[in-house]
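To start, the structure itself, in C-alpha cells.
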Amino acid sequence: MYNYKEIEKKWQKYWLDKKTFKAVTGDKSKEPYYILVEFPYPSGTGLHVGHVRSYTAQDVLARVKRMQGYNVLYPMGWDAFGAPAEQYAIKNHIHPKDAVKENIKTFKGQMMSLGFSFDWDREFATTDPDYYKWTQWQFLQFYKHGMAYKAKKDVNWCPNCKSVLSNEDAAGGVCERCGTKVVQKEKSQWMLKMSDYAEDLITGLNDTNFAERVKLGQINWIGKSVGAEVDFTVEETGDKLTVYTTRCDTLFGVTFMVLAPEHPIIEKLSNLITNMDEVRKYREFAKSKSAFERTEVNKDKTGVKLEGITVKNPLNGKNVSVFISDYVMMDYGTGAIMAVPAHDERDYEFAKKFNIDIIPVIEGGDISKEAYTKDGVHINSEFLNGLGKEDAIKKMLDYLKEKNLGRPKVNYRLQDWIFSRQRFWGEPIPMIYCEKCGWQPMKEEDLPLLLPDVAEYEPTDTGESPLAKITDWVNTTCPCCGGPAKRETDTMPNWAGSSWYFLRFMDPHNDKEFASMDAMKYWKRVDWYNGGMEHTARHLLYARFWVQFLYNVGLVPNKEMIWTRVSHGMVLGSDNQKMSKSKGNTLNPDEIVNEYGADTLRVYEMFMGDYSQDVPWSVNSLKGCKRFIEKVERLLAKVNENEGFTKDLEIIQNKTIKSVTNDLERMSYNTYISYLMILANAYDDAKSITKEDYRLLLTLLNPVAPHITEELNEKIGFKPICEGSWPVCDESKLVQTEFDIAVQVNGKLRGTITISVDDNEEVIKEKALSCENVKKHVEGKEIVKVIVIKNKIVNVVVKG
RNA sequence: GCCCGAGUGGCGGAAUUGGUAGACGCACAGGACUUAAAAUCCUGCGAGAUUUAACCCUCGUACCGGUUCAAGUCCGGUCUCGGGCACCA
C-alpha cells in the first residue's frame, strides 16, 4: 500500500515546521485545556510500549480537543535526576549529564517517530540549571516558612558497601548489590513538614475530579485515625507516660503498656530501672534490624519489662507493667501504647508470651476464647458496663476530659518528608552551615547552586554524598557573617523536580519566576493528568503537598492544580507477565514502528483493551489493526464525484460521531476504535462513497492515526485535518420513525416486532401478541399483564 | 490482617440509566479468486439437545441465595485472581 516511513516523516515535518501544536499562553479567543502525561525518566533502554499507551491516549485527547476549538497545552519534558543515571555513571565512568543527554535524544526521537503532538517549544529537563534553580528556590521558600528542618532519622545502611540505601534497594532486608544484611543508621537529614498538611491533603481531594480509586489511594496513604491520648503516670517521678489509642473504651482491660525501644523516657528513668543492662541490650538488638525485619508481621513478639518503676491504670489504680518492644513504633502516635490483650491480637500474643493477665471488657470478644466476635457490650468496666462501642467511647472521652486524664486526638500515618539523599545526581540543597550562625539559606540571587563536576560518583565511606569530597565546592562563605562555612552536600530526592514540573510547563522560559501568576491563571490547572498506577500514591501526594504549600504562601492561584487524574493499566508481555529483560518478553517500539508503522501501533495500543486495565500484548491483534488501516486506505478507490454525504450512510455516520465523541470523553478508547471499524465496514459495503463521507471517517480516525489520515485526506483534495474541526452529530438524522424491539414472554426472548413512533401502547401490545412465536408461548395460558417499555421492549407475563 | 480492583466464548474485550448477553477485533473452520501462495472477499463460530433443513428449544456472564414483569448490571453471602498498605495501637 503506502510507504509508511515516507508519509510519517512528511507529516511529522509538516507539524514541526508549521508549529501546529504550539500552545500560546494568554490566547483569549479559545478556552485553555491542559493535558498532561507523566514525563518519563529517560533511561538507557529507551521508550517502553507502556509509555506509548498513555502518550497515545493523551495525544488522541489533545488532538480532539484542538479540533473542538480549545487552546490545548500538551507538553513533554524529562525527569532526569535519579539513581539509575548515577548507577550507570559509576559503572561506565560516564558523567550522568552526558548519559542523560544521550538518552533524551533517543527518547525524543522515538516520540517524534510516533507523531505525538507535543508542544516541543516547552521542553525541559529537571536537570537543566534553568529548571533546578527554581526547585532550589522553592526549597528556600519551604525553609523560610519554617517548613524545612534538619532532624536525625534512621536510614537503611549497608555496612559492606558503606552506603545509604533506598527502601527499594534494601528490599527484603538485604543490600541489593552485595546481599549484606541492612541495618539502621542515624543520619541528620533535611525534612519537609508534610504532616502539617495531612488534613488539607484529604479535604483538598474535594476540589479534584480524580478517579475514585485514586482518591482512596491518597486517603489510605495519609492514614487518618480518630482516637484519644490517655495519660499514665510514673509513680516514682510523676512523669507523664502518654499513649495513643483508638479504643479508649477498653481502658479497664489494660494490663500492661508497651513503649517503643527508642522512647526517650527510658533514658530519663534509667536511674530507677533496675535491669537497665538488659534494656540497653534489647535496644541495640532492635536497632541492628533493618526496617524490613522490624516491620515483618507474624514473627515472634520480643520485649523486655522495665523493672523498678510503678505505673497504675488511671481509672482503677491497678498496677500496669511497662515493657519495651519493637512492635511499637516511635514515629506513630506517642511511641507508647496501652495494651488490651483480651481484644487485640498483638497484645494478646505478647501477653501470652510474658504471662500477663488478660481481662475481657467486651462480652463475647475475648481473643483467648474459641469463638469471639468484634462487637459486644462492655463488661468489667464499671460505668461503661452494658454500653456498645460508640457510646462507650463517647462516655469514656467525657470522663477522661473531666478528670484531665486524656483528650481526643487525631493521628495520621503520613510522616514528614525525608528530603535528603546522599547521592550525587540530584539538585544540591542550597543550604550553608556556619559554625557561628548555624544553618543558613543561600541568597536567592546566588541560585542556581550548580552541581560541580566530579571524578568519582561513588558515595563516600561515611555515607555522605560524593559532593563532600569536592572541597572547592564545599568550602564557601557564610551568607550571614561572611566567615568560612560549608555547603550541604546532600541532594534532593527524585520526587522534588516532579512535584512542580506541570507548573513550569505553563511558563517554561521565565527567568524571573518559576512561572508567572498570569500564565498560571490563564491555564488554571492541569485538566487531565495521566500516569501509571505506581505513581498515584506518592508522586501525586508529593505534588499536591508542594502545590498546597505554594498556594498558602501566595505563589500559585489554586490550592489544587490538577483536576482529573486517570491511571492506565500496564502493557504486559504476550505471556501475560510484566515485561522484563530477564523474562525476555520485552518489546521495542522502534521495531514495531519500523515493521507496522506508527499509526498501526497507536491504533493497536488504543484498541487492545480497557484503558485502565492491564493487557497482554498480542501480535495477531496488532496485525488486525494494520488490516483495518489498509481497509481504510482501500476505501479511497471507492470515492465518487458526488456532492455532500451519501443519504444511506447518514444514520450510521451521525451515530458514529455521537458514540465516538462520547467514548473519548470517558477514555473508552477501545470502543472508539471499534465504532470506526463499524463505519469503515459500512463504507466497504456501500457501492461507492463521496469525498465528504470519506473525509468524515478520516477525521474521526485522525487523532489515533494522524499520518495516514492526513495523507489520504490530502489525496481527495481537502486542507489538513489538524487544521479543521471535529464533526458534530446532527441529531435530526438520528430521528427514527420505525424501530425493531424485542418481545419477551416471562422474561424470555420470543421474537422481535417493528413498531412506529406513532404506535400507542395498545397497538404495540397487539403487534407483540400477534407475533407467531409469541402466540405459541402464550397459547393456553392466562395473560397476567403486558409490560410495554416504549421503544425498548415488550414483556408478556403469563401464568399456567 | 486491612483497603482497592477484577472474574463474561479458544483469546483481547463490548453491553453508558436493570430491558434482544457476546458489539468490534483476533484465532479457528469451510468456500471463492489464483498454476500456487500471500493478500482480499463470502460463510460459520458460547455449550447442549433435536431435525433432511430451517425455525425452534434448554442451559449460560466465578459460586450460592434474594429483589424485579425483567439481573452481567441491584442487594446479601462465598470463592479465586491481581494490586496497594502492612505489628499504625
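Convention: sequence-line order gives letters A, B, ...; per-chain numbering from 1. Side chains are part of it too, since the values below use all heavy atoms of this structure and drop only hydrogens, waters and symmetry mates.
The residues A:E38 and A:R565 are annotated as salt-bridged, a charged nitrogen and a carboxylate oxygen being separated by less than 4.0 angstrom. Salt bridge A:E199/A:K224: present, at least one basic N to carboxylate O contact under 4.0 Å.
Pair check for B:C2 finds B:G84; Watson-Crick or G-U wobble, both atom distances under 3.5 Å. Under the Watson-Crick and G-U wobble criteria, each requiring two contacts below 3.5 Å, nucleotide B:C59 is paired to B:G46. Pairing of B:A15, defined by two Watson-Crick or G-U wobble distances under 3.5 Å, is not identified with any nucleotide.
Contact of the A:Y604 side chain with the A:W617 side chain is registered, since non-hydrogen atoms from C-beta on lie closer than 4.5 Å.
At a cut-off of 3.5 angstrom, counting only N and O atoms as typed in the model, there is no donor on one side facing an acceptor on the other between the side-chain of A:N620 and the base of B:C26.
Separation of the P atoms belonging to B:G84 and B:C28 is 36 Å when rounded to the nearest angstrom. To the nearest whole angstrom, the two P atoms, one in B:C2 and one in B:C57, are 48 Å apart. Rounded to a whole angstrom, the distance from the P atom of B:G7 to that of B:G13 is 9 Å.
At a threshold of 4.0 angstrom between heavy atoms, the contacts of A:N746 with the nucleic acid are absent.
Mapping A:D347 and A:K623 onto RNA chain B via the closest heavy atom, the residue that lands nearer the 5' end is A:K623.
A syn base is found at B:G9: its glycosidic angle is within 90° of 0.
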